[in-house]
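Letters A, B, ... are given to chains in the order of the sequence lines, protein chains preceding strands, and every chain is numbered from 1.
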There are 2 protein chains.
Amino acid sequence: MIESASSESVEMYLKTVAELGGEHGPVPIGRVAERMGVSPVSANEMMKRLGEQRLIQHQMYKGVSLTGDGRRLANSVIRRQRLWECFLVDHLKLDWARVHDLACDLEHATATEVTEALAQYLGNPSRCPHGNPIPDRDGEVGQENDLTLSRLKVGQSGRIRAIVPESSDLLAYLAERGLIPGQSLTVLEAAPLKGPLTLRVGDSQEEPQVALGLALAELVQIDRVEGKSD
Amino acid sequence: MIESASSESVEMYLKTVAELGGEHGPVPIGRVAERMGVSPVSANEMMKRLGEQRLIQHQMYKGVSLTGDGRRLANSVIRRQRLWECFLVDHLKLDWARVHDLACDLEHATATEVTEALAQYLGNPSRCPHGNPIPDRDGEVGQENDLTLSRLKVGQSGRIRAIVPESSDLLAYLAERGLIPGQSLTVLEAAPLKGPLTLRVGDSQEEPQVALGLALAELVQIDRVEGKSD
DNA sequence: ACGAGTTATAAGGTTTGCCTTATAATAGAC
DNA sequence: GTCTATTATAAGGCAAACCTTATAACTCGT
Ligand SMILES: [Mn+2]
Ligand SMILES: [Mn+2]
Ligand SMILES: [Mn+2]
Ligand SMILES: [Mn+2]
């Protein structure tokens, strides 16, 4: 658990690789560059450096995956971010859709000491306000089932577990429509040709209906399912 | 109140200039370099940049002083730091002598939005845990009287208001001896030739006595004075 | 088996914030 | 007034992260 001094840049690269699935399989460096808004050449340079530090492993023309150290460091960053998100929402009452970005700054300036005291202060929450799991202090996260709203059939109901990825625009859009973790919903209609879903949000028959594009529905993870399974 | 994007480095330079008295008179750049642990040449280069941005004013061979913008930015950094110190001590229960350094990291990663929500959460405290005033959101701080423990005469009593500057080593040393803001004390003896003071810390006659070098006593600001004035 | 698109590498450049060494200018102490 | 310590500037360098442009190598779908 040697938390060698790592720059904000290094932390963000590792976090991005983790979010793109770098714990499980190789992530194309182009994806990383895209997500981080840097040129592929820049991302490549950084991957070379991270490889030298044994934080990632680079399979040529396939992509990068996290080593043990890399995974732990990435999850430590994610832990810090999500704990801050909890604090900003629960205590400072800041906007649910904005805290992700605010916490993304704080995460790099937070000593382990502060992280652990914060975790205790918050009662060791297991999820961030957007429903995503908070890694434990050893940098481990449990796997989740991967059911998404886009896979629900007409008539099925579920409860929103999390939004992935946590982008402000996306979060703001979903929040406006009441689509936040814990919310239950039912798919009333699915337009053909990958068209939008029509949802009933909440339990009451009187709730306004919500139309949601399938691409967005893919980013909404679902917990429980009820209703006919086909 | 244009909070133009300023780097951590710029913020630290401005904070340092402010702490060295740059609101009032010119601060020699050598002092700044020394305090920041950089070479005088580096500090000079930075001062040139800060001058171009109209954050400081440089009087050749005299030193630098803060402009209005520079003072506001410096005080905004100090505000962020001291608010975080309050949070870390009061809520996270972290060590009084360590929070200064921990907050010095957080201060640069804290959006105005977060700062103001934090201030409200904390009940708009007016002082940090080390007794120093928290600038208001407009970047203003009131002046304090400048009585220090080193100036108390034998027999006089006072109450510790603040420790300046806030260096971890200094804070840890003083905390070990019970010398924290709010604590009342009496000077029992002052050794000749700039020798150490002997103090009674607290009100009870049974308290252990504390010996404190005059150089350290200069860094302890005193609020009230009682006892014969000479 | 080939070609399109992706991925990798090479080369050269920028900005920020540091460094050292050397020299010039100045202020302040004596 | 002169000398010394401080302060300023010039010159050259370095590392981290970025960039663009160009070329080479590879994968994969058809
Ligand atoms: Mn971040
Ligand atoms: Mn979150
Ligand atoms: Mn700082
Ligand atoms: Mn303080």
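Remark: B/Ser7 is in phosphate contact with C/dG17, judged by side-chain N or O atoms under 4.0 Å from OP1 or OP2. Residue A/Ser9 places no side-chain N or O under 4.0 Å from the OP1 or OP2 atom of D/dA16. Put simply, A/Tyr13 has a side-chain N or O that comes within less than 4.0 Å of OP1 or OP2 on D/dC18. B/Arg49 has a side-chain polar atom (N or O) that falls below the 4.0 Å cut-off from OP1 or OP2 of C/dG17. For D/dC19, the OP1/OP2 oxygens have a side-chain nitrogen or oxygen of A/Ser39 closer than 4.0 Å. At the phosphate of D/dA8, OP1 or OP2 sits under 4.0 Å from a side-chain N or O atom of B/His58.
The distance from atom CZ of B/Phe87 to atom CG of A/Leu92, rounded to the nearest 0.5 Å, is 7.5 Å. Separating the OG1 atom in A/Thr67 from the CZ atom in A/Arg54 is a distance of 9.0 Å, to the nearest 0.5 Å.
Of the residues in residues 19-32 of chain A, those lying under 4.0 Å from DNA chain C by heavy-atom distance are A/Pro28, A/Ile29, A/Gly30.
At whole-Å resolution of the value, CG in A/Asn44 and P in C/dT6 are 15 Å apart. Atom CE of A/Met46 is separated from atom C1' of D/dA16 by 8 Å (rounded to the nearest Å). In this entry the distance linking CD of B/Glu52 with P of C/dT15 reads 13 Å, nearest Å. Taking atom CD of A/Glu45 as the reference point, atom P of C/dT9 lies 11 Å away to the nearest angstrom. Atom CE in B/Met47 sits roughly 12 Å away from atom P in C/dG17 (whole-Å rounding). Rounded to an integer number of Å, the gap from CD1 of B/Ile56 to C1' of D/dA8 is 13 Å. In this structure, NZ of B/Lys48 is placed 15 Å from P of C/dC18, rounded to the nearest angstrom. Separating the CE atom of A/Met60 from the C1' atom of D/dA25 is a distance of 9 Å, rounded to the nearest angstrom.
Along DNA chain D, the nucleotide nearest A/Val41 and the nucleotide nearest A/Glu8 are compared for position; the residue whose nucleotide lies closer to the 5' end is A/Glu8.
B/Arg161 contributes a side-chain N or O that, together with a main-chain N or O of B/Asn145, makes up a donor-acceptor pair within less than 3.5 Å.
With salt bridges taken as basic N to acidic carboxylate O contacts below 4.0 Å, one links B/Arg31 and B/Glu34. With respect to the salt-bridge test (charged N to carboxylate O, under 4.0 angstrom), the residues A/Arg82 and A/Glu107 do not qualify.
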With side chain to side chain contact (heavy atoms under 4.5 Å, CB included) as the criterion, how do B/Leu66 and B/Glu23 come out once you've worked through the C-alpha distance, each side chain's angles and the decisive distance to 0.1 Å? CA-CA 5 Å; B/Leu66 294 166; B/Glu23 319 201 15; 4.1 Å; yes
Stepwise, does the side chain to side chain donor-acceptor pair (under 3.5 Å) test hold for B/Ser76 with B/Arg80? CA-CA 6 Å; B/Ser76 141; B/Arg80 283 173 258 155; 2.7 Å; yes
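Checking C/dG12, D/dT21, C/dA8 against every side-chain atom of A/Tyr61, the shortest atom distance belongs to C/dA8.
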